[in-house]
Amino acid sequence: MVEIEYGKVRIKLGDTAHVYEPAEDSFLLADAALKEAKPGMRILEVGAGSGFVSAVLLANLKDIHLLATEINPHAARCAKANGVEVIRTDLFRGIKPEKPENRFDLILFNPPYLPTSKEEKVPGWLNYAFDGGISGRETLERFLDEARAYLKPGGKILVLISSITGLEAVKEIMKSLGFKADVVERKKVSFEELIVVRGKLL
Ligand SMILES: C[S@@+](CC[C@H](N)C(=O)[O-])C[C@H]1O[C@@H](n2cnc3c(N)ncnc32)[C@H](O)[C@@H]1O
């Protein structure tokens, strides 16, 4: 059993063959989320994986309402076992935006961001952790298209991307969808730079 410790949080990973093991990208998003989140906020994490980022927020902030989604059933079970309320679904599907409790102050996503051809796909559910389609932005673009409907007025998103994903392309998409886009964290890690982009609804 793999265990990850981070500040006050200890996460258990049942099976790293099926669930994304938190890494530098997860840590950078957690750091950015800790700076952005405030007590009392309603927060949604899309693609929670092991539940690491959500668990860090729950351990460090009082009185937040946190919900997560995850497409991979192994990861959804793992996040639940780590104390996170998870809906197993594709992005936002099944969350009705017309209900006031489904409007969030902050939405987080560390998406699959690697440009991936048919031949490069990983077998099984773990592929969802990496496969960003040919552009590396396919899942992220769907997320950005839909996120607005789930935000409160003035709400924010935090997305983790890589220099491979194309920072300028992501910022342009965010702007075209009515977000003010700012880089709030960045870190060079081996062959790429990890970047957290904040989008604030205008
Ligand atoms: C790079 S991993 C990040 C996991 C975790 N948030 C972290 O930071 O350690 C991406 C996660 O998003 C999930 N995911 C990918 N596509 C999804 C979709 N369409 N809907 C919900 N979750 C998705 C994957 O299964 C995976 O757990």
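Positions are given from 1, in the same order as the sequence printed here. Both ligands and their constituent atoms are indexed starting at 1 by order of listing.
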Val53 heavy atoms, cut-off 4.0 Å: which ligand 1 atoms fall inside? 8 (O)

What is the minimum heavy-atom distance between Pro115 and Glu120, and which atoms define it? O-OE1, 3.7 Å

Quick one: closest heavy-atom pair of Val46 and Thr69, and the distance? CA-OG1, 3.5 Å

Lys12 NZ: over 12 foreign heavy atoms closer than 6.0 Å: no

Going through the checks in order, is the salt bridge (charged side-chain N to carboxylate O under 4.0 Å, His left out) test met by Asp105 and Lys38? CA-CA 9 Å; Asp105 300 286; Lys38 302 280 176 289; over 6 Å; no

So is [X] polar-close to ligand 1, meaning N/O to N/O under 3.5 Å?
{"X": "Glu70", "answer": "yes"}
{"X": "Asp90", "answer": "yes"}
{"X": "Ile71", "answer": "yes"}
{"X": "Tyr20", "answer": "no"}
{"X": "Glu45", "answer": "yes"}

Proximal candidate to atom 7 (C) of ligand 1 [heavy atom criterion; set Ser26, Pro22, Gly47]: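 Considering heavy atoms of Ser26, Pro22, Gly47, the nearest to atom 7 (C) of ligand 1 sits in Ser26.
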
Qualifying residues under ring-ring contact (aromatic ring centres under 6.0 Å, His included), relative to Phe27, sequence neighbours excluded: Tyr6, Phe52

Residue list, ring-ring contact (aromatic ring centres under 6.0 Å, His included) with Phe109, at least two apart or on another chain: Phe143

Of all the heavy atoms in Thr89, does at least one lie under 4.0 Å from an atom in ligand 1?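 For ligand 1, residue contact (heavy atoms, under 4.0 Å) with Thr89 is present.
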
Record the part of [X] in heavy-atom contact with ligand 1 below 4.0 Å; permitted values are side chain, backbone, both and neither.
{"X": "Tyr128", "result": "both"}
{"X": "Leu91", "result": "both"}
{"X": "Ser50", "result": "neither"}

